[in-house]
Amino acid sequence: MLISRLDHLVLTVTSISRTCDFYNRVLGMEVVTFTGADNREKRKALKFGQQKINLHSVKCPLEPHARQPQAGSADICLITPLALPLVMQHIQQEGVIIEQGPVPRTGATGPLTSIYFRDPDGNLIEVSSYDL
């Protein structure tokens, strides 16, 4: 068995529209609509790079789903190629409070520098830049 990359993950949220607005406005992710497995239901996802975050409503999570789907329980690290001071300036201009950082951390391929803030559901979002 060999796993080569992450394709998507699912984020359980209280408001899909509010989540789409936040991730698009604050993090620049593209909001996409796709057809669910039943070929009828229109679903939303947040696309960036070669990955996406599918969104499930906490009110009616789609099957199959996590054993205990709940909003606000995620902790996600996202990588940016931009300088963190520019990222921090943008995030603060959007009215988002940076809770911690910049701080040194270790990523999947080496040392990085991270900042931490929360999305509308309280999920912890870490935005990091690999140290050169």
Side-chain angles (χ1 to χ4, degrees):
M1 167 83 111
L2 175 67
I3 304 298
S4 62
R5 67 182 174 95
L6 178 70
D7 182 79
H8 72 276
L9 59 88
V10 175
L11 194 59
T12 302
V13 301
T14 56
S15 169
I16 289 177
S17 62
R18 182 176 69 171
T19 300
C20 288
D21 174 67
F22 178 87
Y23 281 83
N24 176 257
R25 183 174 44 81
V26 176
L27 294 168
M29 293 183 184
E30 177 187 2
V31 177
V32 295
T33 302
F34 66 100
T35 304
D38 64 3
N39 290 322
R40 293 177 305 198
E41 183 177 22
K42 298 294 182 192
R43 298 185 49 204
K44 294 286 185 189
L46 307 162
K47 190 170 186 328
F48 58 102
Q50 294 181 339
Q51 294 77 226
K52 68 177 182 158
I53 300 172
N54 290 348
L55 302 176
H56 285 193
S57 171
V58 73
K59 296 175 188 165
C60 54
L62 301 165
E63 295 286 343
H65 56 71
R67 188 171 312 265
Q68 297 176 333
Q70 58 186 356
S73 64
D75 181 341
I76 302 169
C77 179
L78 303 167
I79 302 299
T80 182
L82 303 175
L84 277 185
L86 293 174
V87 172
M88 292 172 68
Q89 180 181 18
H90 169 72
I91 289 169
Q92 290 169 331
Q93 287 174 343
E94 291 296 332
V96 177
I97 297 168
I98 296 173
E99 292 186 6
Q100 191 177 58
V103 293
R105 295 290 186 252
T106 301
T109 62
L112 44 76
T113 303
S114 300
I115 60 171
Y116 295 86
F117 54 93
R118 296 195 184 269
D119 75 0
D121 284 307
N123 293 303
L124 184 64
I125 307 300
E126 176 182 356
V127 174
S128 303
S129 178
Y130 273 95
D131 300 339
L132 299 176

*asked:* Hydrophobic cluster membership, with links at side-chain heavy-atom distances under 4.5 Å among I/L/V/M/F/W/Y: are Val127 and Ile98 in one?
replied: yes

*Other hydrophobic cluster members with Val10, side-chain heavy atoms of Ile/Leu/Val/Met/Phe/Trp/Tyr under 4.5 Å, chained?*
none

_Donor-acceptor pair, side chain of His56 and main chain of Leu11, under 3.5 angstrom_ = no

_Path from Val87 to Ile76 over hydrophobic side-chain contacts below 4.5 Å_ = yes

*Distance (rounded to the nearest 0.5 Å) between Phe117 CZ and Ile91 CD1*: 3.5 Å

_Are more than 12 heavy atoms, taken from residues, nucleotides or ligands other than Ile97, located less than 6.0 Å from that residue's CD1 atom?_
no

*In terms of hydrophobic clustering (I, L, V, M, F, W, Y; side-chain heavy atoms under 4.5 Å; direct or indirect links), are Val31 and Val13 co-clustered?*
yes

*asked:* If you apply the rule side-chain contact (heavy atoms from CB on, under 4.5 Å), what do you find for Leu27 with Leu78, and how did you get there?
replied: CA-CA 9 Å; Leu27 294 168; Leu78 303 167; 3.9 Å; yes

*Pairs satisfying side chain to side chain donor-acceptor pair (under 3.5 Å), at least one member in residues 69-84, at least two apart*: none

_Set of residues satisfying side chain to side chain donor-acceptor pair (under 3.5 Å) with respect to Asp131, sequence neighbours excluded_ = Thr113

*Distance from Ser129 atom OG to Leu112 atom CG, nearest 0.5 Å?*
8.0 Å

Return a table of donor-acceptor pairs under 3.5 angstrom between the side chains of residues 45-54 and protein atoms on other chains or two or more places apart.
unit_1	atom_1	unit_2	atom_2	d
Lys47	NZ	Gly49	O	3.3
Lys52	NZ	Asn54	OD1	3.2

*Partner residues of Gln92 under the side chain to side chain donor-acceptor pair (under 3.5 Å) criterion, sequence neighbours left out*: none

*Looking only at atom types and distance, does a side-chain atom of Asn24 sit under 3.5 Å from a main-chain N or O of Met29, one as donor and one as acceptor?*
yes

_Within the supplied structure, the quantity of interest is the number of heavy atoms (other residues, nucleotides, ligands) at a distance under 6.0 Å from Gln93 CD; does it exceed 12?_
yes

*asked:* Consider side-chain contact (heavy atoms from CB on, under 4.5 Å). Of Cys20, Ser17, Ser15, which one does Leu55 pass it with?
replied: Cys20

*What pairs meet the side chain to side chain donor-acceptor pair (under 3.5 Å) rule with one or both residues in residues 115-128, with sequence neighbours excluded?*
Thr14-Asp121, Arg18-Asp121, Tyr23-Asp119, Glu99-Arg118, Arg105-Tyr116, Ser114-Glu126, Ser114-Ser128, Tyr116-Glu126, Asp119-Asn123, Glu126-Ser128

*How would you list, by chain and number, every residue that makes a side chain to side chain donor-acceptor pair (under 3.5 Å) with Thr109, sequence neighbours excluded?*
Tyr130

*Can you list the other members of the hydrophobic cluster that holds Ile3, where links are side-chain heavy atoms under 4.5 angstrom apart?*
Met1

*What residues, two or more places apart in sequence or in another chain, satisfy side chain to side chain contact (heavy atoms under 4.5 Å, CB included) together with Thr33?*
Lys42, Lys44

*Please collect all salt bridge (charged side-chain N to carboxylate O under 4.0 Å, His left out) contacts where either partner lies in residues 88-98, sequence neighbours excluded, each pair once.*
Arg25-Glu94

*Hey, any chance Leu82 and Ile125 share a hydrophobic cluster, counting ILVMFWY side chains that come within less than 4.5 Å of each other, even indirectly?*
yes

*Determine whether Ile79 and Ile115 fall in the same hydrophobic cluster, where Ile, Leu, Val, Met, Phe, Trp and Tyr are linked whenever their side-chain heavy atoms lie under 4.5 Å apart.*
no

